[in-house]
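Let me begin by presenting the structure, written as structure tokens, before commenting on it.
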Amino acid sequence: MVPELMALVEIQQIDKDIREIESANLSLNKQLEKEKEEIAKKKAILQEMVEKKDALQKDLRHNERTLQQIEQNLEGFEKKIYQVKSQKELEAVDHEIAKSRKERSNVEDAILICMTSTEEISISLSKQEKELKKETDDFDCQSQKIEADIKLNIQKLLTANTKKQEIISTIEPTLLSNYERLREGRNNLAVVHVEGGICQGCFITLPPQQVNEVRVGNSIIRCSSCARMLYWKG
Ligand SMILES: [Zn+2]
């Protein structure tokens, strides 16, 4: 085989390896990002729940203070009832008492609702916090492995590129640019072997004379159909 062709075959293999490693790292990074997003979403939901619980507790404290105030008012009105001097005054105090009792009942209902909701949200929150903790721990473990794989792949890429540069330095620049052009236009396959008289790039049957020239390997022969550079294997 023409020695430079052998070098191109090697470069082609390295290019293929590089593409595979790069694509592997891309999907590993995507996987990391996706899982980070999932966890961030869940954290945001939890944060909303915490805020809702805080708001409920604030409402609860407010309602408790209101209830206290109403109780004091009621106490005052109930004492006042013994001090009234006219029917009109009695009616007015009665009216105030009825009004306060109604208010008390409403606030008590509101307190009950706040307490029930706080209880529900606390249960749900604690369950989801536990789930998130487990998921975060799993993710930390998994991401360490993924990051190690990514680093390993980066190392492989460096090695592959160094090897590629070494080989490139032995190839004549015109041939190299021909290779690059062909690779871009021929689905990353610029150099192919001939098997059973068939070009393994486009699968056309080559003329016997051309096959023979490839076998002899004195010069670089290109497929008459796809223009790929041909080499003899075996
Ligand atoms: Zn061909």
Side-chain angles (χ1 to χ4, degrees), residues 1-42 135 138-234:
M1 203 206 295
V2 183
E4 284 197 313
L5 212 49
M6 214 145 65
L8 285 183
V9 172
E10 248 189 292
I11 286 185
Q12 187 168 262
Q13 183 56 49
I14 294 172
D15 281 337
K16 184 169 176 263
D17 294 344
I18 289 174
R19 281 195 308 276
E20 282 170 4
I21 298 167
E22 280 173 346
S23 136
N25 263 5
L26 203 66
S27 49
L28 286 174
N29 273 315
K30 269 190 197 159
Q31 197 186 336
L32 270 184
E33 283 311 309
K34 199 177 154 233
E35 285 179 33
K36 270 184 204 165
E37 271 172 32
E38 290 290 322
I39 286 181
K41 263 188 222 163
K42 284 183 183 165
E135 279 175 44
D138 287 350
F139 172 73
D140 286 345
C141 199
Q142 209 193 354
S143 67
Q144 271 177 19
K145 202 194 157 296
I146 293 176
E147 274 158 13
D149 285 347
I150 290 174
K151 269 187 197 158
L152 194 69
N153 280 340
I154 290 171
Q155 199 53 50
K156 281 185 191 166
L157 278 179
L158 286 173
T159 312
N161 275 311
T162 310
K163 180 113 187 280
K164 188 182 168 183
Q165 289 314 313
E166 274 170 25
I167 302 170
I168 279 177
S169 66
T170 68
I171 300 170
E172 204 251 315
T174 320
L175 180 63
L176 189 68
S177 63
N178 278 343
Y179 161 80
E180 286 297 347
R181 238 194 334 270
L182 260 177
R183 188 170 73 88
E184 277 165 28
R186 295 286 184 277
N187 199 25
N188 291 312
L189 205 58
V191 198
V192 294
H193 70 282
V194 177
E195 203 177 304
I198 292 165
C199 162
Q200 294 302 300
C202 67
F203 300 100
I204 201 170
T205 303
L206 299 159
Q209 175 61 25
Q210 207 179 14
V211 175
N212 205 38
E213 283 169 352
V214 174
R215 182 169 26 216
V216 173
N218 281 336
S219 60
I220 292 172
I221 309 295
R222 286 175 169 234
C223 168
S224 45
S225 171
C226 68
R228 289 186 175 97
M229 301 180 216
L230 301 168
Y231 71 94
W232 191 260
K233 215 179 185 180

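When a ligand or atom number is given, it counts from 1 through the structure's own listing order. Side chains included, hydrogens not; waters and symmetry mates left out as well; all remaining heavy atoms used.
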With the threshold set at 4.0 Å, does a side-chain nitrogen-carboxylate oxygen contact exist between Arg183 and Glu180? yes
Would you say Asn212's side chain and Pro208's backbone share a donor-acceptor pair under 3.5 angstrom? no
Residue and atom names of protein N/O/S atoms that fall under 2.8 Å from the Zn ion (ligand 1): Cys199 SG, Cys202 SG, Cys223 SG, Cys226 SG
Does the Arg228 side chain pair with the main chain of Gly201, one donor and one acceptor, at a distance under 3.5 Å? yes
Give a yes or no on whether the backbone of Glu166 and the side-chain of Thr170 come within a donor-acceptor separation of less than 3.5 Å. no
Using modelled atom types and a 3.5 Å cut-off, is there a donor and acceptor pairing between side-chain atoms of Gln12 and backbone atoms of Ala190? yes
For the residue pair Met229 and Val2, establish whether any side-chain heavy-atom pair is separated by less than 4.5 Å. no
